[in-house]
A.B. asks: 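I have a structure I would like to understand better, so I am pasting it below and will then ask my questions one at a time.
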There are 2 protein chains.
Amino acid sequence: MNGGSDRREVIPEATVARLPVYLRGLVELAESGMATVSSVELADLAGVNAANVRKDLSYLHAHGTRGVGYQVDHLIGEISLALGGGEPSPVVIVGIGNLGRALSQYDGFVAGGFPVAGLVDADPAVVGRYIGGRVVRPVEELADVVTESGCTVGIIATPSASAQEAADHLVAAGIPSILNFAPAVVHVPEDVDLRQVDLATELQILGYHQHRRMASGANAGAVG
Amino acid sequence: MNGGSDRREVIPEATVARLPVYLRGLVELAESGMATVSSVELADLAGVNAANVRKDLSYLHAHGTRGVGYQVDHLIGEISLALGGGEPSPVVIVGIGNLGRALSQYDGFVAGGFPVAGLVDADPAVVGRYIGGRVVRPVEELADVVTESGCTVGIIATPSASAQEAADHLVAAGIPSILNFAPAVVHVPEDVDLRQVDLATELQILGYHQHRRMASGANAGAVG
DNA sequence: ACGCGCTTGTGCACCGATTCACATGGCACC
DNA sequence: GGTGCCATGTGAATCGGTGCACAAGCGCGT
Ligand SMILES: NC(=O)c1ccc[n+]([C@@H]2O[C@H](COP(=O)([O-])OP(=O)(O)OC[C@H]3O[C@@H](n4cnc5c(N)ncnc54)[C@H](O)[C@@H]3O)[C@@H](O)[C@H]2O)c1
Ligand SMILES: NC(=O)c1ccc[n+]([C@@H]2O[C@H](COP(=O)([O-])OP(=O)(O)OC[C@H]3O[C@@H](n4cnc5c(N)ncnc54)[C@H](O)[C@@H]3O)[C@@H](O)[C@H]2O)c1
């Protein structure tokens, strides 16, 4: 496409989705003192195919040593670099209800390089309260919160009916990446990255498989 | 294709994942009084391609009327039937910490046909407490809880280190469907359906796109 | 110094999913 | 009753992902 400085070429989406899983396994390996890891070990750890692991890692230019494997430290560095550039990305949570409170206190965020930098809510009864040592600020100050703390990720934890509004506020504040927990389809400009985490959908998918299993089991007894 | 009793044939996974989204949109339409809906309307509502919607619905044998569209009521019935058979599936939550408490009080579960029927935890300090009107029972009684309330879905909300153990307990109790919130790869027998909901991974995927956008923006300014 | 064994890196074929484009067919209006 | 319009349903091409299978390469032991 271009003829120049594309040291990091494009990485397939499916690969990107697996990189965090590799990273978790690698960190565990490093903590237990392992210096190198083979693709089959890493595949086993991540629950995927070994050839898939090798192909994934080849996109990162994180080459291994034939006959030996990959260097754990080096892999951790390369994957971290690809995923976040090594810089932490502060997040702001919109909607501090049941879910928002749980997320506010989730230590996995800061551990993964996503410190919670701001909490906002529309309800005056919630604004001003302290959750996990941070004060909840009014949603009108969202833009201020973002600029003050340099947030680059917004989390929507409002009711479905307010999800689009929350997304609009986040976009207006300049947030380029949004994670939406509300079970609603929200629309954002195409230069904004939006991902959906939908509990109810996940359960319904499980329900489908369960239902199908029972139905086919009752009729034929064949397993897919 | 064959001459038997397969009224409901197999539905592609990608389609199954979209059905809940259609269902949500259709319920909204029904509430606002719409009697019929076209594939383009539904596609817009769900954020997907219209041809995709039509192909998806064709798997359900939920045929529409040419020139008119699909009957909203009928579609709701067909999708609900395909997803859960119409029967509610009680869920049991393992690990009543920050996240488990939020999930216990999530009204979207019961609305979607997944009433929370049991809460269990390994910590004696948590056992016996009441969350959302339900008592937390010891994890040793998991099998009893499951048989008493007929749970068919298990939710893992324990720390990562305990996730495999929790999964083993659920499998031993006869649970066929598991939703895992712990950021860990857990292994289950192949006749058990396991789905992963991984917050940290979602954020890291967002981080990748953000990082890439910045990097390519600084170099070329091209958007993909 | 040399060969053997182990692991990487990848070409290729298969598979599911998406999307275009168009034929098919029912409804409403005249 | 006939005709035109409009949305469905689907054939076929395309695309991205997966996984096998094997050649290439590195290190270690002899
Ligand atoms: N509770 C859970 O465990 C859970 C699990 C999965 C998904 N969800 C989804 O997450 C969302 C939040 O769930 P919850 O249980 O925390 O609900 P909640 O009602 O407890 O909290 C919602 C919060 O959002 C605030 N809010 C409403 N409109 C707002 C706006 N326009 N701007 C900013 N804040 C606003 C409210 O004041 C409230 O504090 C819902 O969409 C729900 O479906 C919840
Ligand atoms: N808190 C969040 O918002 C959040 C968000 C996403 C994912 N998660 C993940 O969800 C899991 C729970 O998070 P949390 O913040 O609620 O943690 P937590 O420590 O608050 O709660 C964990 C609970 O699990 C119980 N537990 C531990 N071992 C158990 C076992 N073997 N059997 C049954 N119960 C056991 C503990 O007693 C505790 O009550 C973690 O894996 C976390 O990474 C949490």
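Every chain is numbered from 1 and lettered A, B, ... according to where its sequence line falls, protein lines coming before strand lines. In this text, all values refer to a predicted model and were calculated from it rather than measured experimentally.
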A.B. asks: Specify the separation, in whole Å, of atom CD of A/Glu41 and atom C1' of C/dT8.
C.D. replies: 14 Å
A.B. asks: Where does the angle between the aromatic ring planes of B/Phe109 and B/Tyr106 fall among parallel (under 30°), tilted (30 to 60°) and perpendicular (over 60°)?
C.D. replies: perpendicular
A.B. asks: Taking DNA chain D as the partner, which of residues 45-56 of chain A come within under 4.0 angstrom of it by heavy atom?
C.D. replies: A/Asn49, A/Ala51, A/Asn52, A/Arg54, A/Lys55
A.B. asks: Find out whether B/Leu23 and B/Ile76 are in side-chain contact, i.e. whether some heavy atom of one side chain is under 4.5 Å from a heavy atom of the other.
C.D. replies: yes
A.B. asks: In sequence, state the C-alpha distance, the side-chain angles, and the governing distance for A/Asp198 and B/Arg24, and then conclude on side chain to side chain contact (heavy atoms under 4.5 Å, CB included).
C.D. replies: CA-CA 12 Å; A/Asp198 195 330; B/Arg24 274 206 312 263; 2.6 Å; yes
A.B. asks: Take B/Glu13 and A/His209 through the test side-chain hydrogen bond (donor to acceptor under 3.5 Å, both in side chains) and record every step on the way to the result.
C.D. replies: CA-CA 10 Å; B/Glu13 269 305 300; A/His209 290 299; 2.8 Å; yes
A.B. asks: Rounded to whole Å, how long is the line connecting atom CG of B/Leu75 with atom C1' of D/dT8?
C.D. replies: 12 Å
A.B. asks: So which one's nearest nucleotide on DNA chain D is more toward 5', A/Val68 or A/Glu13?
C.D. replies: A/Glu13
A.B. asks: B/His61 has an atom NE2; how far is it from atom P of D/dG9, in whole Å?
C.D. replies: 12 Å
A.B. asks: Could you tell me whether the side chain of A/Ile79 reaches within less than 4.5 Å of the side chain of A/Tyr22, counting heavy atoms only?
C.D. replies: yes
A.B. asks: Near DNA chain C, under 4.0 Å by heavy atom, which residues of residues 14-39 of chain B?
C.D. replies: B/Ala14, B/Arg18
A.B. asks: Taking only side-chain N and O atoms of A/Tyr59, does any of them lie within less than 4.0 angstrom of OP1 or OP2 on C/dT10?
C.D. replies: no
A.B. asks: CD of B/Glu78 to CG of B/Leu19: how many Å apart, nearest 0.5 Å?
C.D. replies: 11.0 Å
A.B. asks: Hey, is the side chain of B/His63 poking within less than 4.0 Å of OP1 or OP2 on D/dG9, counting only N and O atoms?
C.D. replies: yes
A.B. asks: Is any side-chain N or O of A/Arg66 under 3.5 Å from a base N or O of C/dT8, one able to act as donor and the other as acceptor?
C.D. replies: yes
A.B. asks: At what distance, to the nearest 0.5 angstrom, does CD1 of B/Ile11 lie from CZ of B/Arg18?
C.D. replies: 11.5 Å
A.B. asks: With the threshold set at 4.0 Å, does a side-chain nitrogen-carboxylate oxygen contact exist between A/Asp193 and B/Arg212?
C.D. replies: no
A.B. asks: Is there side-chain contact between A/Asp56 and A/Val53, with at least one heavy-atom pair below 4.5 Å?
C.D. replies: no
A.B. asks: I need the OH-P distance between A/Tyr70 and D/dC26, as an integer number of Å.
C.D. replies: 14 Å
A.B. asks: For the pair made of CG in B/Leu57 and C1' in D/dT10, what is the distance, rounded to whole Å?
C.D. replies: 14 Å
